[in-house]
Structure formats: structure tokens, C-alpha cells
Engineer: 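The structure's right below; bear with me while I get my questions together.
Computed from heavy atoms alone, side chains included, the values below leave out hydrogens, waters and symmetry copies. Along the sequence shown, residues carry numbers from 1.
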Amino acid sequence: MYHKPTDQRPCLQGRSIKKIMRCDDEVGKIEKVAPPMMARAVELFLQHLLEQSAAVARAKKAKVISVEDIKECVDAEEQFDFLRDLAARQVQEEQDKKAESAAKRPRKK
């Protein structure tokens with residue numbers, strides 16, 4: 001598991017997180033230390049999701065993490081329950097796009 005040294009700046013900028021936080025009507029004033037802390041929390045969450053999805057892909061001997069791998073990870077991990085609907089929709093959209101592009105391709109004779 002990769003752990004970034006704590007002295008490095010987060011990949012996500014605090015000002016970007018602050019903009020997202022302000023989109024929520026329930027969020028009032030935001031202390032200066034909150035956005036960088038939230039940015040780090042988001043990074044750790046994404047890192048964990050990525051590591052678990054990569055493990056699923058490796059188990060399938062795949063070189064690329066697919067939407068299906070992420071969905072399988074989300075379905076297997078209880079802590080990702082809140083992503084189940086989103087993951088299912090993304091997989092369905094991906095399948096629809098593949099079916100649509102296959103239908104548009106001319107058949108070889």
C-alpha cells in the first residue's frame with residue numbers, strides 16, 4: 001500500500017474542496033484548516049477505492065481497471081454501500097454505449 005509522505009501538499013487543492021463545500025446549503029462558514037483536511041480525506045478514500053478496484057482487476061488478470069471492477073469492489077465492500085446505485089448506473093451506461101456502438105458498426109461481408 002502506498003502512503004504519501006505527510007509533508008507533501010495534497011493533490012486536491014483546498015480551494016477546490018472549499019467550492020464544493022459551499023455548494024451545500026447546510027454548510028455555513030468554513031474554517032481555514034477544514035478544506036485541506038477534507039482534501040486529504042478525499043485522497044485517502046480514493047486511494048483505498050483504487051487499491052481495492054486494482055485488486056479486483058488483478059484477480060481477473062486485467063491490465064486496466066474497468067467500471068465493472070469498480071462496481072465489483074463497491075458491491076464487495078460494505079463501506080462503499082453509498083456508491084452502489086451510482087456504480088450500477090455507470091456499468092449500465094457503459095454497456096449501453098458498447099451496444100450502441102456495436103449496432104452502428106457496419107457488418108463485414
Engineer: Nearest 0.5 angstrom please: Glu77 CD to Leu83 CG, how far?
Structural biologist: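 Here the rounded value is 11.5 Å.
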Engineer: Of all the heavy-atom pairs spanning Pro36 and Val33, show the shortest one and how long it is.
Structural biologist: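 In terms of heavy atoms, the two residues are closest at CD-O, 3.4 Å.
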Engineer: Is there a path of hydrophobic side-chain contacts, each under 4.5 Å between heavy atoms of I, L, V, M, F, W or Y residues, that connects Leu50 with Val91?
Structural biologist: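 No; tracing contacts between hydrophobic side chains, which count when under 4.5 Å, never links both residues.
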Engineer: Please check if atom CE in Met37 has more than 12 non-hydrogen atoms from other residues, nucleotides or ligands closer than 6.0 Å.
Structural biologist: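 Atom CE in Met37 is not crowded, with 12 or fewer foreign heavy atoms closer than 6.0 Å.
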Engineer: Taking side chain to side chain contact (heavy atoms under 4.5 Å, CB included) as the criterion, tell me which of Ile70, Asp75, Leu86, Leu49 meets it with Phe80.
Structural biologist: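 The side chain to side chain contact (heavy atoms under 4.5 Å, CB included) with Phe80 is passed solely by Leu49 among Ile70, Asp75, Leu86, Leu49.
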Engineer: Linking I/L/V/M/F/W/Y whenever any side-chain heavy atoms sit under 4.5 Å apart, do Phe45 and Ile20 land together?
Structural biologist: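 No; tracing contacts between hydrophobic side chains, which count when under 4.5 Å, never links both residues.
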Engineer: What distance separates Glu72 CD from Gln52 CD, expressed to the nearest 0.5 Å?
Structural biologist: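 Reported to 0.5 Å precision, the distance equals 11.5 Å.
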Engineer: Please round to the nearest 0.5 Å and tell me the distance separating atom CZ of Arg58 and atom OG of Ser53.
Structural biologist: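 Taking CZ in Arg58 and OG in Ser53, the distance rounds to 10.5 Å.
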Engineer: How about Gln47 and Glu43: does a side-chain donor come under 3.5 Å of a side-chain acceptor?
Structural biologist: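 Their side chains do not contain a donor-acceptor pair, so the 3.5 Å distance test is not met.
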Engineer: Same hydrophobic cluster for Met38 and Phe82, using side-chain heavy-atom links shorter than 4.5 Å among ILVMFWY?
Structural biologist: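 Yes, one cluster joins them.
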Engineer: Rounded to the nearest 0.5 Å, what separates atom SG in Cys73 from atom NE2 in His48?
Structural biologist: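 Nearest 0.5 Å value for the SG-NE2 distance: 7.0 Å.
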Engineer: With side chain to side chain donor-acceptor pair (under 3.5 Å) as the rule and sequence neighbours excluded, what pairs involving residues 16-31 come up?
Structural biologist: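 Residue pairs passing side chain to side chain donor-acceptor pair (under 3.5 Å), neighbours aside: none found.
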Engineer: Quick one: which residue pairs count as a salt bridge (Lys or Arg N to Asp or Glu O under 4.0 Å) with a foot in residues 86-96, not counting sequence neighbours?
Structural biologist: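 Pairs touching residues 86-96 that pass the test: none.
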Engineer: So which heavy atom on Ala57 is nearest to which on Asp69, and how close?
Structural biologist: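 Of all heavy-atom pairs spanning Ala57 and Asp69, the closest is CB-OD2, 3.4 Å.
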Engineer: If you round to the nearest 0.5 Å, how far is CD of Gln95 from NZ of Lys98?
Structural biologist: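 Taking NZ in Lys98 and CD in Gln95, the distance rounds to 7.5 Å.
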Engineer: Could you see if Leu46 belongs to whatever hydrophobic cluster contains Met21? Use Ile, Leu, Val, Met, Phe, Trp, Tyr and a side-chain cutoff under 4.5 Å.
Structural biologist: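 Leu46 clusters together with Met21.
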